[in-house]
Amino acid sequence: QMRQNAKERLSTMLDLPVDIQKLNLWSFNMMEYEEPLNFSILLIFDAHDLITRFHIDIETLKSFNRALADGYQKFRAPYHNDFHGADVLQTTHCLLIKSNLMSVFTQLEIAALLFAAAIHDYEHPGLNNVYLVKTKNDLALTYNDFSVLENHHASSVFKLLRDKRYNIWSHMNTNEYRSFRSLVISLVLATDMANHASLVERTSTYFFFKETNSSTSSTDSKTLLQTLLHAADISNAAKPWPVYIHSAEKIMEEFFIQGDLEKLNYQDDKPTFDRETTDIVQLQIGFISHIVHPTFDVLSKVLQIDSLDENQKEQTKIITTPRSQYTIPWQYDLQLNLETWKQVSKSADMQQLVLNRKPLQLNLEYLQE
Ligand code: 8BR
Ligand code: ZN
Ligand code: ZN
């Protein structure tokens with residue numbers, strides 16, 4: 001009870017737009033709030049007692065949050081900006097509290113996971129690894145074409161931490177900091193989509209052995225942490241329809257801007273993403289069935305379905321209720337977005353989807369049990 005009161009005070013004391021109760025919800029929509037990284041980091045770090053445990057100075061944390069948000073906004077990417085960073089942090093927090101995994105991890109591992117989630121796309125230019133390599137961008141040359149963006153996100157945040165004004169982890173001892181840093185780096189690097197298949201494979205193997213013999217090692221918990229962050233990174237497709245459709249639209253726009261650049265600079269090559277010809281629906285269905293489904297399926301073994309709260313019931317309703325019977329929140333906004341989509345896509349499927357407002361084959365069984 002006392003802890004609860006103390007937690008509620010933080011939100012009032014710092015004049016934050018939400019409290020932790022809101023951030024515990026799977027249906028939370030980050031897009032509705034300003035300066036999303038600051039309140040998400042403050043409230044979620046506090047909820048996991050990281051501020052007390054690592055003696056984090058609140059003023060330093062606030063300065064760090066501002067610097068982090070500046071980096072996320074540097075290139076004004078439609079999708080990979082501070083909202084995505086905050087969203088992935090909040091979703092990672094949700095996955096932690098909804099799963100029965102919390103007791104499996106040490107507090108240092110939880111600190112590394114939540115910190116990695118918050119920083120994982122810092123200074124994202126809105127262009128993907130393929131583009132950076134193809135254009136011989138400085139970043140690609142610096143990292144020898146290997147997980148170029150992910151290396152940059154991690155590396156530049158650790159440079160930020162060298163500055164005393166931003167070093168929120170200054171009270172860790174040398175050993176703690178060494179394992180923390182190493183874990184954060186491996187978590188951020190694992191968000192490279194190129195690792196998806198091997199990550200799901202390793203996680204599946206982990207659960208297979210866990211069922212037959214119960215010993216676990218730190219390698220195992222690292223794999224689990226990587227999968228949680230990867231799942232949070234692609235979770236927008238598993239969120240309620242309006243949240244998902246908004247994110248999908250933003251990421252498609254980002255891809256198409258890259259396509260426009262490719263067309264301008266490489267007139268002979270076919271661009272990776274062409275706004276004239278790309279079938280958005282097919283691409284999204286492919287993304288959901290090949291990436292999102294396998295990731296959440298492998299985690300279904302640890303997500304505690306019976307503890308799902310009202311909002312997850314609400315989400316199930318959104319997924320299972322026929323569109324015609326369900327009133328979609330933010331109707332106005334959604335119509336605006338779908339208008340844009342209608343113009344962007346030439347696909348007949350897309351027109352059907354727009355007219356019927358059907359989810360893109362969103363059928364996550366684990367939410368319905
Ligand atoms: P990052 O956020 O770390 O870049 O990882 C997510 C990646 O998944 C995107 O960069 C993109 O390549 C892919 N993706 C696709 Br395709 N559709 C997506 C969607 N609706 N939401 C999130 N990612 C998507
Ligand atoms: Zn990324
Ligand atoms: Zn991301």
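Remember, it's 1-based here, ligands and their atoms both numbered in the order they're listed. Bear in mind that the values here come from a model prediction, so they are computed numbers and not experimental data. Side chains included, hydrogens not; waters and symmetry mates left out as well; all remaining heavy atoms used.
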Compare all side-chain heavy atoms of D274 with those of P271 and state whether any distance is below 4.5 angstrom. yes

Would you please write out the protein residues whose heavy atoms approach any atom of ligand 1 to under 4.0 angstrom, listed by chain and number? Y79, H80, H84, D121, M193, D233, N236, Y244, I251, F255, L283, Q284, F287

Shortest non-hydrogen contact from E109 to L225? CB-CD1, 3.9 Å

Taking 2.8 Å as the strict upper bound, the Zn ion (ligand 2) has protein N, O or S neighbours numbering 1

Will you find, in the side chains of Y79 and D121, an N or O donor that is under 3.5 Å from an N or O acceptor? no

According to salt bridge (Lys or Arg N to Asp or Glu O under 4.0 Å), who are the partners of R165, at least two apart in sequence or on a separate chain? D163

If you define the side chain from C-beta out and look only at heavy atoms, does anything of S235 sit under 4.5 Å from W26? yes

Cationic N near anionic O, under 4.0 Å, R76 to E254: no

Sub-4.5 Å side-chain heavy-atom contact between F158 and V184: yes

Shortest non-hydrogen contact from L187 to L113? CD1-CA, 3.7 Å

Name all residues meeting the salt bridge (Lys or Arg N to Asp or Glu O under 4.0 Å) criterion together with E262; count only those two or more places apart in sequence or in a different chain, and write none if there are none. K134

